[in-house]
Amino acid sequence: MYEPIRTKSVHRMADDAQSAYPHRSREEELDIQLAGHLAALLAVTDELGDTEAGDLLARQVARLRGAPPARHSGPGGAPARELHRRAHALAGRALVVAASRADTVVAILAAGRMDAHTAALAGETLVGAP
């Protein structure tokens with residue numbers, strides 16, 4: 001009544017094809033994702049004109065990518081409130097990935113940026129916030 005399958009599955013790749021393309025580890029993928037979130041946050045931070053925070057972010061992006069990031073040249077015309085909202089969301093994404101990869105330095109930096117942008121949205125200014 002039962003007849004074994006005599007052909008190989010079409011859903012399985014050939015064993016020799018596995019080495020045909022590069023594979024990245026989970027840690028490498030998280031590094032790439034975190035560097036992307038930080039680079040986006042850096043662009044918004046540069047647009048806001050916060051050079052001190054931008055320098056901190058640039059150091060972390062350079063550490064993750066192995067090369068210094070491109071920096072934003074100046075204001076782009078977007079309203080500051082919208083930039084703070086965008087930066088807060090980007091810092092939150094960076095915080096989630098940093099926590100996932102157990103990078104406490106970036107997690108603290110991202111949490112500090114979230115606090116700074118929350119304060120800016122509330123009309124306050126945090127002095128010395130990372």
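Any value given below was found using the heavy atoms of this structure, including those in side chains, with hydrogens, waters and symmetry copies removed.
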Does any N or O in the side chain of E82 come within less than 3.5 Å of the main-chain N or O of P79, such that one atom is a donor and the other an acceptor? no
Rounding to 0.5 Å, atoms NE2 (H84) and CG (L48) come to a distance of 4.5 Å
Are L90 and V97 co-members of a hydrophobic cluster defined by side-chain heavy atoms under 4.5 Å apart? yes
Sidechain-backbone polar pair: R86 side chain, V44 backbone, donor-acceptor under 3.5 Å: no
State the CG-CG distance between L83 and D50, to the nearest 0.5 angstrom. 12.0 Å
Given side chains that start at C-beta, do those of R71 and D55 come closer than 4.5 Å, heavy atoms only? yes
Nearest heavy-atom approach of L42 to P69 is CD2-CG, 3.6 Å
First locate atom CG of L109, then atom CG of L38, and finally report the distance between them rounded to the nearest 0.5 Å. 7.0 Å
Quick check for you: to the nearest 0.5 Å, what is the distance between L64 atom CG and D31 atom CG? 5.5 Å
Closest non-hydrogen atom pair between V106 and A98, with its separation: CG1-CB, 3.8 Å
Looking only at heavy atoms, which two atoms of R65 and G36 are closest? And how far apart? NH2-CA, 3.9 Å
Compare all side-chain heavy atoms of R113 with those of L56 and state whether any distance is below 4.5 angstrom. no
Side chains of R24 and I32: closer than 4.5 Å at any heavy-atom pair? yes
How many angstroms lie between atom NE2 of H37 and atom CD of Q60, to the nearest 0.5 angstrom? 15.5 Å
If you define the side chain from C-beta out and look only at heavy atoms, does anything of D103 sit under 4.5 Å from R63? yes
Nearest-0.5 Å distance, CG of residue L41 to CE of residue M114: 10.5 Å
Hey, is the main chain of V96 close enough, under 3.5 Å, to the side chain of S100 for a donor-acceptor pair? no
